[in-house]
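Accompanying notes for the structure given below.
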Amino acid sequence: MRSTHDRQTANPLAAVRNLGILAHVDAGKTTVTERILYLTGATHKRGEVHDGTTVTDFDPQERDRGITIFAAAVSCAWDGHRINLIDTPGHVDFADEVERSLRVLDGAVAVFDAVAGVEPQSESVWRQADRHGVPRIAFVNKLDRAGADLDTAVDSIRRRLHTVPLAVQLPIGREDGFTGVVDLLTMRALVWADGAGTYAEGDVPDDLLAEARRRRRLLEEAVAELHPAALEEFCAGGPVTAATLATALRDLTRGGEAVVVLCGSAYRNRGIEPLLDAVTAYLPSPLDVPAVRGTAGDRPAERPADPAAPFAGLVFKVAATATGRLTYLRIYSGTLRKGDTVLDAGSRRSERIGRILRVQADRHAEMDQAVAGDIVAVVGPKAARAGTTLCAPGDPLVLEPPTVAAPVVSVAVEAGRNADTERLVAALARLVEEDPSLAVRTDRETGQLVLAGMGELHLEVAVEKIRRAHGLQVAVGRPQVAYRETVLRGVTGHVHRHVKQDGGAGQFAHLVIDVAPLAADGATAAAAGEEDFVFASTVTGGRVPREYVRAVENGCRDALAEGPLGGHPVTGVRVTLTDGATHPKDSSETAFRTAGRFALQEALRACEVQLLEPVVEVTATVPDEAVGGVLGDLAARRGRVSGSLAAGGTTVVSATVPLAALFGYAGSLRSRTQGRGTFTTRPTGYAPTR
């Protein structure tokens, strides 16, 4: 039976639901979204992932790969409610898309596979929702699959997500025989016949009646333990009424104390209507969540979800389309009208709103205005980025932006033709503007253009987007590592005599130099970030004039650009000029600079030189059961573990690892931890190669 809670209310915001669909890859969240759109009349044909006909997976790469890559916003209506829905990616490489979406949502539906239960990325998105305090309901999907079992899935939710799952339905039939559910609140059977547009409601089948009554009683007990009103009725001895249970479930869901669990098969269009009823009944409206908080100047401020309040909205996504730049916005307070001038609170720049669009994935409907609680796209802002606050010019407010994860994987990119280099740089800049979890830099050591992201698939998708959108040929390769060379054992009294006579004024310079490491261990000095090169002169009696000493130092610096081992820059060296001689006519600064360069090059070839490589500190957070495999992998990558700390079922491992050995580590860590491991890196300097 459809819920009519809050259907006709004095405040229209009470009938708005802003929710996301969260799940592991292949749990079926895009199919759930498609069935919601179809049943609510937003689409007239059911889209299928395997056919590439879905509304939300509209990008060509999403259809080619069969996965959600970009968060897509859609809007629909159900039972007098406006539902603004965001279908989020399930692959771990695109977790930042989920993060930005959760920042602006009031509730979520977590979709679980009835066979696999809670999967690794399910845990990750659940933790993200916990951080944002987003209330959730759970939908156990694919009950028609072989091996599907609602009880097993519910148990995995309890064990792995550390929450209280409250199953409000009992499946009718198993696997291929799954035809419907028993609603444990109303004790009515909802059955979907093959080919039927909706369910038929009837009495609970006789063979399930006893089990349904038992589960209803268990549900009453579980709710009574958590909710005072339900406890009062339960202790009175009679059954807890459906109205009391519904109220308690709404309160427990919105307070984050429990999770309502429903079930069905989205592919077969079974269980979606009760899911929509649960969304409207249990998940909060913009009025049910606390007023948004921000800062106005140097003081904290908050804005209520009131169309009459000063305007404030948060940008959570920017996308370049064929028709222009779209800025996706959650409006927290006030009213936004077409043609309004708003303030970018961060840059203090004024922006004009040219158009306001109700978003339906890649299709849009124009609106004259949008109010608090709406999620819309606007055309007009030129500089707004994800995390930007747009607000009323007379009432500035800065809202907390979504957290942006630090990139962990890098590749070198270059244009297929030199003439396209500038176009590639511009395309990369636009890409980073749309996806803040990407970063682009030019390596000052190698000169390579380096693209960094959250994973290898993330980077693969980004490069392919450049190829398709801009028609560029892009070559992708492993980033080069900037090695160094340093002196382990130096030489003393190295003599170099530079004489050049080819007519006219000649060149003459005579030098004696000592070369030594900066510290007892030159590699240690370099790794610690100490001074790379120290030059000193002990020459007395004016045998080498002061201006020639400076020239010798400059020549030595020239020689440090290429070391004797592999032409890498030399670091951690001390050079001392101990003696020298000049010629009254042929000596010059040029001659002494040249002599300094050649003298040090020769001396370095006589020294014992060590090759250094860049190292990073890796901090990996992994499940306890995967620690052994992760430590073995770090050892295979020449890593040195510096410590570990166990807490709450996870272990944080710290290690120093050569940068060259980290290529591909993101994929390796995920495979060893079933996608549940994460890591960060921090450059720590250089260390001797091993």
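Quick note: residue numbers are just sequence positions, from 1.
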Would [X] and [Y] pass as an ion pair if we require N to O under 4.0 Å?
X    : Y    : result
D203 : R188 : yes
D374 : R358 : yes
K317 : E434 : no

Criterion side-chain hydrogen bond (donor to acceptor under 3.5 Å, both in side chains) on E99 and H132, from CA distance to verdict: CA-CA 9 Å; E99 186 76 18; H132 290 279; 2.8 Å; yes
If you round to the nearest 0.5 Å, how far is [atom2] of [Y] from [atom1] of [X]?
X    : Y    : atom1 : atom2 : value
E464 : L459 : CD    : CG    : 13.0 Å
R103 : R131 : CZ    : CZ    : 13.0 Å
I83  : I36  : CD1   : CD1   : 7.0 Å
R270 : L190 : CZ    : CG    : 13.0 Å

Pairing residues for [X] by the side-chain contact (heavy atoms from CB on, under 4.5 Å) criterion, not counting sequence neighbours:
X    : value
V204 : V182, L208, L209, A212
A138 : F112, I157, V259, V261
A258 : V164, L166, L226, L252
T253 : P135, I137, V260, Y282, L283

Please identify each residue that fulfils salt bridge (charged side-chain N to carboxylate O under 4.0 Å, His left out) with [X], with sequence neighbours left out.
X    : result
D130 : R136
E233 : none
D206 : none
R82  : none

Taking all non-hydrogen atoms of both residues into account, name the closest pair between [X] and [Y] and its distance.
X    : Y    : result
A23  : V125 : N-CG2, 4.3 Å
L150 : C263 : CD1-CB, 4.0 Å
A77  : T40  : O-CB, 3.2 Å
A626 : T673 : CB-CG2, 3.8 Å
A110 : W126 : CB-CZ3, 3.7 Å

Counterpart residues, side-chain hydrogen bond (donor to acceptor under 3.5 Å, both in side chains), relative to D113 (two or more places apart): R145
For E221, all residues meeting side-chain hydrogen bond (donor to acceptor under 3.5 Å, both in side chains), sequence neighbours excluded: none
Does the [X] side chain pair with the main chain of [Y], one donor and one acceptor, at a distance under 3.5 Å?
X    : Y    : result
D251 : A248 : no
R35  : Y267 : yes
T244 : V240 : no
N141 : A27  : yes
S156 : V118 : yes

Intermediate values then yes/no, side-chain hydrogen bond (donor to acceptor under 3.5 Å, both in side chains), E97 and T88: CA-CA 7 Å; E97 284 272 332; T88 64; over 6 Å; no
side-chain hydrogen bond (donor to acceptor under 3.5 Å, both in side chains) between D155 and T152, worked out: CA-CA 5 Å; D155 186 57; T152 302; over 6 Å; no
Student check: side-chain heavy atoms of L22 and V134 closer than 4.5 Å: no
Side-chain touch V98/S101, heavy atoms, less than 4.5 angstrom: no
Option from L85, V74, L105, V16 for which side chain to side chain contact (heavy atoms under 4.5 Å, CB included) with I375 holds: L105
Over 12 foreign heavy atoms within 6.0 Å of CZ, R214: yes
Within 6.0 Å of CD in E232, more than 12 heavy atoms from elsewhere: no
Trace of the side-chain hydrogen bond (donor to acceptor under 3.5 Å, both in side chains) decision for N84 with S75: CA-CA 5 Å; N84 298 315; S75 186; 3.1 Å; yes
Taking only distance into account, with no hydrogens and no angle test, what donor-acceptor pairs under 3.5 Å do side-chain atoms of residues 628-637 form with protein atoms, sequence neighbours excluded?
from: D633; atom 1: OD1; to: R637; atom 2: NE; distance (Å): 3.3
from: D633; atom 1: OD2; to: R637; atom 2: NE; distance (Å): 3.3
from: D633; atom 1: OD2; to: S668; atom 2: OG; distance (Å): 2.9
from: R637; atom 1: NH1; to: A661; atom 2: O; distance (Å): 2.7

Side-chain donor-acceptor contact under 3.5 Å, T280 with D79: no
Candidate pair R216 and D183, rule salt bridge (Lys or Arg N to Asp or Glu O under 4.0 Å), full reasoning: CA-CA 9 Å; R216 165 61 186 256; D183 185 332; over 6 Å; no
Trace of the salt bridge (Lys or Arg N to Asp or Glu O under 4.0 Å) decision for D106 with R330: CA-CA 11 Å; D106 300 325; R330 162 69 191 264; 3.2 Å; yes
Within residues 169-178 or reaching into it, pairs that qualify as side-chain hydrogen bond (donor to acceptor under 3.5 Å, both in side chains) - sequence neighbours excluded: D149-R174
